[in-house]
2 protein chains.
Amino acid sequence: MNKNHKFSIGEFSEKTGISIPTLHYYDEIGILRPEKNPSSGHRIYNYQDIITLQKILSLKFLGYSLDKIANLLYESSFTVDLNESLSLHLQALDKEKEQIEQSIKSIKRVIKLVKEEGEVDSALLFSLIHGMRTEYIEEEWMESHMLTEVVEELTKKPEEDKIALDKTFIHLSKEVKQLYGKSVDDPKVQGMIKTYLEASFSFLGEDLIQKLADTNIEELDIQELENMAPSPFTEDEQNWLNQAMEFYMKQEELE
Amino acid sequence: MNKNHKFSIGEFSEKTGISIPTLHYYDEIGILRPEKNPSSGHRIYNYQDIITLQKILSLKFLGYSLDKIANLLYESSFTVDLNESLSLHLQALDKEKEQIEQSIKSIKRVIKLVKEEGEVDSALLFSLIHGMRTEYIEEEWMESHMLTEVVEELTKKPEEDKIALDKTFIHLSKEVKQLYGKSVDDPKVQGMIKTYLEASFSFLGEDLIQKLADTNIEELDIQELENMAPSPFTEDEQNWLNQAMEFYMKQEELE
DNA sequence: CCTTGAACCTCTAGCTACTTGAGGTTTTAT
DNA sequence: ATAAAACCTCAAGTAGCTAGAGGTTCAAGG
């Protein structure tokens, strides 16, 4: 009967796929304590130890820490208590999953951009990644400013549209680097600004823009958000771009 | 101009939401080294440090270790190299996500069972969880035995069906505990076995059973798999159940 | 100018679930 | 008898922090 079979730690490790140091560790922390040969100190595992180890692995699989497993191991039946703790774990896992999904989406976006655009300036890339990373945070911020609808609209946008906007931003950034120094009323400069703003507006859609414009956002908050965002432009480039934009806006108003 | 603004570590921490000990740590490992007041040793953060921190957070968001971030931080442009490493990360994240999804599914199944069945014997529960945990592993094992189709069929089964089978198993286990000791040809015992086998067969479907029956699986492997699985039954119960099942099979053959 | 309290400093230890390695003993095979 | 393989214990290292002890510096009020 192999139920009475005894295993050395090496055999046991082989059979269960758990490394020897890990078994030592489980022994040390007291969740799996095999018999010991009293003279040599060698560990002797038996059939019951296999079952205990399986319990440990099962509880680990459910997300329990070894600490908690130690307590759970010797309870003979599970009740509502377990259910509660399982629900908690479930929530935690859901959150983890969401985060991972966010990261996956972002990485895919970055990969696509780098592939299609070739070499990308790192400052620029960081600013894009920053944008993705803070999408979720900004959602919260926007919601706190009662822009729930805006948030919903934005998250609904398909990934391709977001990538398209990213690309526009890449091109803008490249053009800024090229055109910087020219007069702000230069047709090329104004053309660039027109292209960029139109792309942004078409991404957002008219009603969203209206809603955003209607909202009274305090200076301070904007300031803070901008402080936190890495810009792909130098300070001088940023100033120049702002001036060019102001000029563009004034021209628009005149028409 | 707030671009020249200097921050104490407290202000900086406040502004960025990163704790002071973490900032100390980032300083220590060299990924964010602010200026220091030479007399007092107090850290002085500036605008550039905000940007560096944002880069760090962005790369962390993409899943990089601080170790790798240290190397990436000072590259001025990202090329195909980055793309490769991003793809690797993507794979890793995908795996993580899969695992989490597996756990989530299992936990949901356990929660449902515990809710609907009330208190559940822990040996039984462990054996169910073990089943879920090894679903994936067994898939590999089955695939190595050229049962790819079987695997595909099984993973396609909806969660509800799996739960239903789990429930049948729970009831079987309860009935075994009750009926144990009766003669194996007792109608109640045979009825129990019939119910259980029929449920299993209807879950698997005829063609799957045929495929499984056709497959020549070596004794050893089966033995090993069974050794690894915790059973909700005592050894005696298991033997009794096996006899009852043999009896049932013989009766079936006679018909 | 002195004092008080907040903010800061460094340094050490602790966390999880292990892995790695040193240095020594026991078992197994020849 | 001896060599190699397997085992032992104990200490230290891993990532990315957090917590705490014990001491210094800064800002504001009296």
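Proteins get letters first, then strands, A, B, ... in listed order; numbering begins at 1 in each. What you see below is based on every heavy atom in this structure, not just the backbone, and it leaves out hydrogens, waters and symmetry mates.
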Visitor: Once the angle between the rings of Tyr64(B) and His89(B) is folded into 0 to 90°, is it parallel (under 30°), tilted (30 to 60°) or perpendicular (over 60°)?
Guide: perpendicular
Visitor: Taking only residues at least two apart or on different chains, which pairs with a member in residues 91-115 of chain A satisfy ring pair (Phe, Tyr, Trp, His ring centres under 6.0 Å)?
Guide: none
Visitor: Please classify the nucleic acid contact of Ile29(A) as base, sugar-phosphate, or nothing, using heavy-atom distances under 4.0 Å.
Guide: nothing
Visitor: So does Ser8(B) get a side-chain nitrogen or oxygen closer than 4.0 Å to the phosphate oxygens (OP1/OP2) of dC8(C)?
Guide: yes
Visitor: Closest approach of Lys60(B) and Ile69(B), non-hydrogen atoms and distance?
Guide: N-CD1, 3.7 Å
Visitor: Nearest-Å distance, CG (Leu23(A)) to P (dC7(D))?
Guide: 11 Å
Visitor: Over all heavy atoms of both residues, which pair between Phe7(A) and His5(A) is shortest? Give the atoms and the distance, please.
Guide: CE2-CD2, 3.3 Å
Visitor: When you check the gap from the basic side-chain N to the acidic O, do Glu159(A) and Lys108(A) get nearer than 4.0 Å?
Guide: no
Visitor: Considering non-hydrogen atoms only, spot the tightest contact between Ser103(B) and Leu93(A) and give its length.
Guide: CB-CD1, 3.8 Å
Visitor: Please list each protein N or O that sits under 3.5 Å from an N or O in nucleotides 18-22 of chain D, with the distance.
Guide:
unit_1  : atom_1 : unit_2   : atom_2 : d
dT18(D) : OP2    : Ser19(B) : OG     : 2.8
dT18(D) : OP2    : Thr22(B) : OG1    : 2.5

Visitor: Using whole Å, report how far CD1 of Ile20(B) lies from C1' of dA7(C).
Guide: 8 Å
Visitor: Under 4.0 Å between a side-chain N/O of Lys68(A) and OP1 or OP2 of dA17(C), yes or no?
Guide: no
Visitor: Can you tell me how far P of dC8(C) sits from CZ of Phe7(B), to the nearest Å?
Guide: 13 Å
Visitor: Does OP1 or OP2 of dA17(C) have a side-chain N or O of Tyr26(A) closer than 4.0 Å?
Guide: no
Visitor: Heavy atoms within less than 4.0 Å of DNA chain D: which residues of residues 32-43 of chain A have one? Give them sorted by number.
Guide: Lys36(A), Gly41(A), His42(A), Arg43(A)
Visitor: I need the CD-C1' distance between Glu11(B) and dA27(D), as an integer number of Å.
Guide: 13 Å
Visitor: For the pair made of CZ in Phe12(B) and P in dA7(C), what is the distance, rounded to whole Å?
Guide: 18 Å
Visitor: Got more than 12 heavy atoms from elsewhere within 6.0 Å of NZ, Lys68(A)?
Guide: no
Visitor: Of the options Leu59(A), Ile56(A), Leu53(A), Thr52(A), which is the one that meets Ile31(A) in a side-chain contact (heavy atoms from CB on, under 4.5 Å)?
Guide: Ile56(A)
Visitor: Tell me: CD1 of Ile69(B) to C1' of dC17(D), nearest whole Å?
Guide: 13 Å
Visitor: Starting from C1' on dA6(D), measure out to NE2 on His24(A) and report it in whole angstrom.
Guide: 10 Å
Visitor: Using atom CD of Glu14(A) as one end and atom P of dA5(D) as the other, report the distance to the nearest whole Å.
Guide: 16 Å
Visitor: Closest nucleotide of DNA chain D for Asp27(A) versus for Ser65(B): which of these residues is on the 5' side?
Guide: Asp27(A)
Visitor: Are there more than 12 heavy atoms of other residues, nucleotides or ligands under 6.0 Å from atom NZ of Lys177(B)?
Guide: yes
